[in-house]
Structure formats: structure tokens, C-alpha cells
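Heads up: the structure comes next, in C-alpha cells.
Please read all numbers here as calculations on a predicted model, not as lab measurements. Computation of the quantities below employed the complete heavy-atom set of this structure, encompassing side-chain atoms and omitting hydrogens, waters and symmetry-equivalent molecules. The sequence lines fix the lettering, A, B, ..., with proteins before strands; numbering per chain opens at 1.
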Amino acid sequence: MSNLKKTESKFFKKIFSSHNIGDLIFEKLTLFFAGSVFLLVVLMGYEMYMGSKLSIDKFGWNFLVNSTWDPVQEIYGALPIIYGTIVSSLLALIISLPLSLGVAIFLAEVAPAWLEKPLSFLVELLAGIPSVIYGLWGIFVLVPWIRNDVEPYLSDKLGFLPLFKGAPYGFGLLAAVLILAVMILPIISSISRDVLKSIPHSQREAALALGATKWQSTLIILKDARSGILGATMLGLGRAIGETMAVTMVIGNRALISPSLFDPSYTLASVIANEFSEATSEMYMSALIQLALVLFVITIVVNSLARLLVWSMNRKWEPAK
Amino acid sequence: MSSNYSYYWKKITNLLMFSLTLIATLCAVVPLVLIFYYTISKGVTYLSPDFFISMPKPVGETGGGMANAIAGTLILIGTGGLIGIPVGIMTGIYLSEFGKNKFGFLVRFLTDVLSGVPSIVVGVVVYTMIVIPMKHFSALAGGIALGILMIPTVTRTTEEMIKLVPHTLREAGLALGIPKWKTTLAIVLRTAWKGIATGVLLGLSRAAGETAPLLFTALGNRFWSTSIGQPIASLTVYIYDYAKSPFEDWNQQAWTAALVLILLISILSLLFRIITRSKYKTN
């Protein structure tokens, strides 16, 4: 049977693709564009590698572990910057994940249809606001609030922790974390919602039929959906790592490793945004391009993992639909 | 007795957890409301026809508008669209019509990866690829950066939308002896174009809101310029510069620019919705 199908499809292929010159041209044309996307990604990596060759040759792997970032002395070490990137995105994730899951569960399991649509729209609207507007709002609304209310309160009550030590500037890690948490919420919640909805209804019905409460059935659904939710979380993490404008505007922009949330910090993306146009020497420029390369590699790894998780999830439930 | 207890306990947990999800949802909407509230209330004070038609004043003087930035943003997303839309749509067609092989899988994966690449990285790449050889910043470089950023969105929506077109339509076309390319363009694409237009719109409005890739490609310009080879102003870069500036008047203008940007994005989406609704009504 399958053999017959194969010969049949081969036959059709012969008829429909090679006998018509227009079809051949059309297929090759679309292939050309698809190939250009492939080439583009490769070229991006290559360009950044070539652009940062100077700094790679000079600093090698020390670039990643050296903790001095001093353009005046021409010493470039990315450790404080990588530290700032990882800490800010992980903290944002810790705040955002429970909220996003709550939103996803509410939209997928609880909300009636008439409420789900407008609420989903609102959450997705949050994703559509340009990053620079988040930053603007951060500078003039969030940062003053943090400086005048949040930080004095925290240092008063919890000041014995190293986390909450230091002068309340407003601009710093805390502001960046809060803004990032808001910015990654829509992506995590909307993908998690889709993942939850992709799980067949029979799973819920089975749980309910056994006498489970709605919440218990939701727990079972969550367990089924865990790899998809993990994927959504990693996509959110990737977004947080690469987020540029809003972070640059509120994080304080100083290459510093400090345990305090009140202190200014720096992220890979914000260093590039902030210093690229003032990079005067070739080595400086090269070091900045190397930061971009590091950022590129990190986000590719994180995003690939995330996509694989979401895909495996979708494939798992597809036949059950 | 104990089973009764566990019954109530289950009920309470049920209620508690779902209330928490409701609270989480409300928490998610709060920042949205706050951002819109501040953008509108602070932006509206400066909003006047003058803001749209006059140029920025020199440093130190108050007043002036952002005519050049509004035109610049439109030119930049136009240039970006000229690159991103054809590449995106053609790649989407390839993926859905011919992409059931290893290369198709790879390209699909790479567009996903590309959509996760931070926009600032694209800015750096365009800088090394376009700005350095051309030896100066230009609207073209900015447009290319935005175009690259649009590709994943357009590609994915095109592929998804074409996949939704029933197979019978293709078969009908082929049965009439129409070559495949014509069937794809005239029947499949035409059926799916509404969805594709939504993807294009999404790409364009995202591009309109991008700042990071423009910082060192299009740079910015305080004067009127529509030339593709010269640095060009954009609303987002203005918002960034003016928000950081120490002048209160400029901070104020940043809010208004933010409001105009949001209006522009909304108009874009409204426009597409009207076009797609009136012409082809599908069930």
C-alpha cells in the first residue's frame, strides 16, 4: 500500500514539478528566500566573530571570567556584565513565573469564554508596548516610587540582609527586575495558556469523574503540561536576557558585582546600547561586538531548548486531539 | 467525620487557588493600566497639531515638534517592510508548500531562533555589515535591521495561514490544469491573505516600536531628512534621548512622542483591520 502511494506521489511529482518550467522557477525562488534566511543567521554569527576577533585574540576565554570592565585602561572582562544579565533575568523570572502561571490557569481553566477573550487581549497588549515606553515609564514613575517608597521600606525592615543594603538610588537592579518581570509576563502566560489548552479535554473529564475538584484536575493538567510550561519559561528567560531599552534606562549602568538589589548593575544588552556609539578605539568596539556574540550564543541556546520543549509537548498531544 | 473534613479542605483549597489565579490576572493588568494612564495623561499635555508638523527646537529652547521623527519612523518601517515582507512571505510559502524535508525543518528552526535573537544584536550585525562599509549611518541600515527583525513574524504567520487553507482548494486548482505556482499564488495565497496581512501588520508595528537596532544604524537626526542614505530620526530614539535628558521640556516631549507612537501603532492595526474586513468577507 505504502509502496503504491510512494510511486503515486513520485508520479505526481514528475507531473507537477519538473514538467512545468514555471513551477520549477517558483519552487527555486521560494527556496532561494528560505536559503537566505538560513544564510542570514550563519552570516550574523560569522560577522560578529570577525568583528570581535581582535578582542578574542587578546583576551580569549579570560574575557568571560575577568571582572574588570575598564575602557580607559583597555581592559575588558565581561564577568560583572554576565553576572548582571543572569541575576536580573533570573530574579525577573522568579517574580514573573508564578504570576504568569496564575494568568495562564485563569485564562485556560477558569475564565468563561466571554471573559477569556478580552483578558487575553489585554495581556497580549502588554507584549505590544514598545520597550522604550516601558523604559520611559520606568524612569519617571517606577524609579521614583522605588526610591521614595520601596527601598526605604525594605532597608528599614530587612536592611540586615545584604540583599537590601545600600543607598536608595532608585536606578538599579531592583527597578530592572521589576520591569523585566512585567515584560516577560505576557510571553510566558500566553504560551502556557496555549499549552494548557492543547491538552485534551478528556484528561480533565477523567479527573473530575473520579471525584477530583476542579483544582485537583488542574494540577493533573499542569503536570501533563510541564514540559511545555518549562519551554514557555525558557522563552521568557530568553526575552529577559535580550531585553535592551527598558533595562538600559533603569538599571543604572555600572559594571559592578554586588549582592544588593539597590546597587546599579549592567547587562550584556545594556552595555552595547549604552557604549557602542562612544566606542572610540578598535579594541573597545571589538570587545563590545564580542559581548553581542556572547549574547547571541546565550539566547540561541536558551531559545533552542525552549522551542524543543514546546515542540515535543505539542507532538505528544497531537494524535490525541 | 474525617472524610467530611477533607471534603471541606478540598473545597477551600479549590476556592483559594482559583482566587489566587484571579489575583494574578489582575496583577498582570495593573501595569498595563498604569502605563497607559501615564502615557496618555502625561503625553496629552503637549499634544497639538504643532507637534506633528514642526521640527525639534535647538537645545535649550522649549517647544517644537517631531515632524522629522514621525516621517523617519514611517520611512524606516517602510524600508524594513520592503525587505522583511517579501522574504518572510516567500520563506513562509517555501516552508508550507515545499518544506517537508530536512532543510525546511532547519529553516523553520532558524526562524524561531531568529525571533529570539535580541534586537540589539541585529543592530550590531547591521552595523558591521552595512554601516562600516558605507562609512556612515543611514536610514537604509536602520531599515535593513528592522526588516531582519520582521522576517520571523511574517514567515511564521504566512506558514501557519497557508497551512489552514483546505487541501481541496489546491486540488481543485491542480485538477483544472493550473500549474502549481499559479495555484499557490492565485488561490492559496489569496485565500490566506487576510491572515498573512495580520502577520505583516504585527511585524510592522513591532518594527515601529524598536529602538535598540536603530541606535547605531539609523542613529537619529535633528533635521528634516527623507534620504535613505542619510541618518534619520525616529520616534523611539527620540523617546530614549529625551527621556534621559536633563531638560524637563524634553522629558515632557518624550511622553508625547510615546503617545504618538502608541497612536501610530494603533492606527496601523486599525487600518489593516478595516482593509481586511471590507474587501474579502470570509465566514
Contacting region of [X] [heavy-atom separation from chain B under 4.5 Å]:
X	value
Leu40(A)	side chain
Leu31(A)	both
Thr299(A)	side chain
Ser96(A)	neither
Arg239(A)	neither
Met44(A)	both
Met50(A)	neither

Using a cut-off of under 4.5 Å for heavy-atom pairs, which of [options] has the most such pairs with chain B?
options	answer
Ile289(A), Leu293(A), Val141(A)	Val141(A)
Asn303(A), Leu107(A), Ile300(A), Leu136(A)	Leu136(A)
Tyr134(A), Phe296(A), Trp311(A)	Trp311(A)

Could you pull out every donor-acceptor pair under 3.5 Å between side chains of residues 180-194 of chain A and any protein atom, sequence neighbours left out?
unit_1    : atom_1 : unit_2    : atom_2 : d
Ser189(A) : OG     : Leu185(A) : O      : 2.9
Ser189(A) : OG     : Pro186(A) : O      : 3.3
Ser190(A) : OG     : Pro186(A) : O      : 3.0
Ser192(A) : OG     : Ile188(A) : O      : 2.8
Arg193(A) : NH1    : Ser120(A) : OG     : 2.9

Residue part contacting chain A, namely of [X], when any heavy atom lies under 4.5 Å:
X	result
Leu106(B)	side chain
Ile265(B)	side chain
Val87(B)	both
Leu114(B)	side chain
Ile151(B)	side chain
Thr128(B)	both
Ser205(B)	neither
Leu185(B)	side chain
Thr184(B)	side chain
Leu15(B)	neither

Return the OG1 to CD1 distance between Thr211(B) and Ile239(B), rounded to the nearest 0.5 Å.
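So the OG1 of Thr211(B) and the CD1 of Ile239(B) are separated by 7.0 Å.
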TODO: In plain terms, say whether Arg156(B) and Glu159(B) are close enough for a salt bridge, that is, a side-chain N and a carboxylate O under 4.0 Å apart.
DONE: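 Yes, this pair counts.
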Considering residues, nucleotides and ligands other than Lys182(B), do more than 12 of their heavy atoms fall under 6.0 Å from its NZ?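 Atom NZ in Lys182(B) is not packed in, count stays at 12 or less.
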Atom OH of residue position Tyr49(A) - does it have more than 12 heavy atoms of other residues, nucleotides or ligands inside 6.0 Å?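 No.
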Hey, which residues of residues 122-130 of chain A are touching chain B, say heavy atoms under 4.5 Å apart?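 Interface residues of residues 122-130 of chain A: Leu122(A), Leu125(A), Leu126(A), Ile129(A), Pro130(A).
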